[in-house]
Amino acid sequence: MKGFVLAIVFVAVLFLGNAFLTGGLVPGFSVSPYFLQVVSLAGINIILAVSLNLINGFTGQFSIGHAGFMAIGAYVSAYVTAAFGDRIRGAVGMLPPAFQNSVLLLIALGIAAACAAVAGFLVGVPSLRLRGDYLAIVTLGFGEIIRVFILNIDAVGGARGFSGIPRLANFAWIYLFAGATILVVSRIVRSSFGRTLVAIREDEIAAEAMGVNTTRAKVISFVVSSAMAGVAGGLFAHYLMYVHTNSFTFIKSFEIIIMIVIGGLGSITGSVLGAVLYIVLTEGLRQFAQYRMVLFSLLLIVIMIVRPQGILGHRELRSFFARRRRVEPVPPPVAG
Amino acid sequence: MTTFLQQLVNGLSLGSIYALIALGYTMVYGVLRLINFAHGDVYMLGAYVGYFLSRRLRGAEPSLPRALVVMLGAMLACALVGIIIERFAYRPVRRAARLTLLITAIGVSLFIENAAQLVFGPDPKFFPSLAPRADFHVGGVRLTSEQLTVIAVSFLLMVLLRFFILKTRTGKAMRAVSFNLDAAKLMGISTDKIIAITFALGSALAAAAGVLIGMQIPKIDPLMGILYGLKAFVAAVLGGIGNVPGAVIGGLLIGTSEVMVVGYLSSTFRDAIAFGILILVLLLRPQGILGRAQKEKV
């Protein structure tokens, strides 16, 4: 019940915040569209980073194909709204137009998530048998293959890109899903299934010896992570109103990895911090114009040399307040 | 049949380029277990050094000595770049987690690409012709002198490399380091020096590939290393990463199949084929074609 009330408050705050930022609440006050766009894209980055952290940080399976699943989500959802948008709106015609759009967005994102999950399953089942660098390079390969195939589908624009997507997503929707992603991932990580994932990360053979079905756990974590990337892609498409496969190259996957590594692998707070920091750094360095990416890459190398575990390491926001709390009792080791 | 043979020749000459780059990946992976993402960019730098050298040495007409000077100059310059990258970016994080090393490599790669765009300008440059050119016709198959040069030079370099690894003391030390870095250190091998030499060698080979590609496809740009680097890495994995002959076989296979796909299917799938092959191989034989079957690793 308490959670339900909190969720309602969260949603209300988001939509009021959206109205406030765009100038709909207080007349005469609004932030610049540029600022709003940066903040919204940061939200999409949070979804991507937190979801990738589930597979890279907590399960310890190094995947660099996240952009591929994002691409699937973006294109599938865009196709749904473009091809079936009017029919879906018609089916819920009794609702006011704003709600029709919400329903349409939710349906599009749901289908996007489902398709990305299916793709994640198809990619995950064969490739998660591999480990380390091999897995990394196979996921990179799958990501690129997904991109090249989308590039060759004419129904979604091919090399021209997919334009004319209605702007259904906004600041509030993006942060609603960012919040949901953080909630779901932190719940998963703290569940017994989450401990299974961490066990696989720490020592796969030992986990298997303890009776963990490692393949199943890895695939589930991969599928969940892919579905979330699909949602992020759908929001991305319906926020920018135009998608092109060039946005989903392996460079994008690298960006997401950089976010989670800067923040600290295996820390959800770290992923959020990394996602925000990434966009703050890349946008903040804009004043240096052409030196921007040179400075950014140098900064990245320096961060890796000075603080290889990322800013937060494994720590969460919670752990900074931990001393004031009751220490969780550790179950005694089972004898024998 | 003539078309097929023609495609085969084209494929082999492209494949030799991939093979040369793949050697650098496989050697570095052998000693450091690192996917050196910056390697493709060293290849790009090689092409640019070659470009500037040949413009500086503008003679009356393309001549062989000049081509040789350009090639060796580029190789030397890039060997130096390789040593610098290793010393200042990778050595400080060598003992850190694998992922840290990988992100550092991505950082170095981004740095080289963006610095190159800044210094050389983002637009493509046209590589001057280095050697006198001629076409040969063998049974309807056209062999350009560039293609023959590419195949011959890369073959020569590969043979030299193999000799170096198998017959010299340094080569032996490299094999020892790739077999077990800590044990090699205990045996008195200066591992830092060997790793630096490995980077220098790999980078020199990449530079040679850069000059060769400049001769064949005379258009170079600061981002040309990304895709070539990635495909060469795929070639290294395909042949069995850490395995020197494997990298050559992988490179030739990737190059040939890419040219075949472009010739017989569609050019839009050109970049997907390498990954398609890679995925099939990794799923069926994860250690690559030569993989562990051959113990010799660098």
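When B:Thr100, B:Ile273, B:Val108, B:Ile35 are compared by the number of non-hydrogen pairs under 4.5 Å with chain A, B:Thr100 comes out ahead. For the set B:Leu101, B:Leu118, B:Ile226, B:Leu278, the count of heavy-atom pairs under 4.5 angstrom toward chain A peaks at B:Leu118. Note on A:Val138, A:Leu295, A:Ile251: by heavy-atom pairs under 4.5 Å with chain B, the leading option is A:Val138.
With a threshold of 4.5 angstrom between heavy atoms, B:Phe233 approaches chain A through side-chain atoms but not through N, CA, C or O. Using a 4.5 Å cut-off between heavy atoms, A:Phe142 contacts chain B through both its backbone and its side chain. If you measure heavy-atom distances from B:Ile103 to chain A, the contacts under 4.5 Å come from both the backbone and the side chain. Contacts between A:Leu299 and chain B at a heavy-atom distance below 4.5 Å are absent for every atom of the residue. Both the backbone and the side chain of A:Ile137 come within contact range of chain B, with heavy atoms under 4.5 Å apart. For a residue to count as touching a neighbouring chain, one of its non-hydrogen atoms must lie under 4.5 Å from one of that chain's; by this rule B:Val237 touches chain A with the side chain only. The part of B:Leu102 that comes within reach of chain A is its side chain, from C-beta onward, which places non-hydrogen atoms under 4.5 angstrom from that chain. Residue A:Val261 touches chain B through its side chain alone, counting heavy-atom pairs closer than 4.5 Å.
Counting only heavy atoms from C-beta outward, the side chains of B:Thr198 and B:Met174 approach each other to under 4.5 Å.
B:Phe199 and B:Tyr90 have their aromatic ring centers within a separation under 6.0 angstrom. Taking the ring centroids of B:Tyr18 and B:Tyr25, they lie at or beyond the 6.0 Å cut-off. Between A:Tyr75 and A:Tyr79, a ring centre-to-centre spacing not shorter than 6.0 Å is recorded. A centroid separation of less than 6.0 Å is found between the aromatic rings of B:Phe37 and A:Phe254.
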Test log, rule salt bridge (charged side-chain N to carboxylate O under 4.0 Å, His left out), inputs B:Asp192 and B:Lys185
CA-CA 9 Å; B:Asp192 280 352; B:Lys185 205 176 218 161; 5.4 Å; no
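Heavy atoms of other residues, nucleotides or ligands lying less than 6.0 angstrom from CZ of A:Phe121 number 12 at most.
Under the side chain to side chain contact (heavy atoms under 4.5 Å, CB included) rule, B:Val177 has a single partner from B:Asp182, B:Leu32, B:Ile194, which is B:Ile194.
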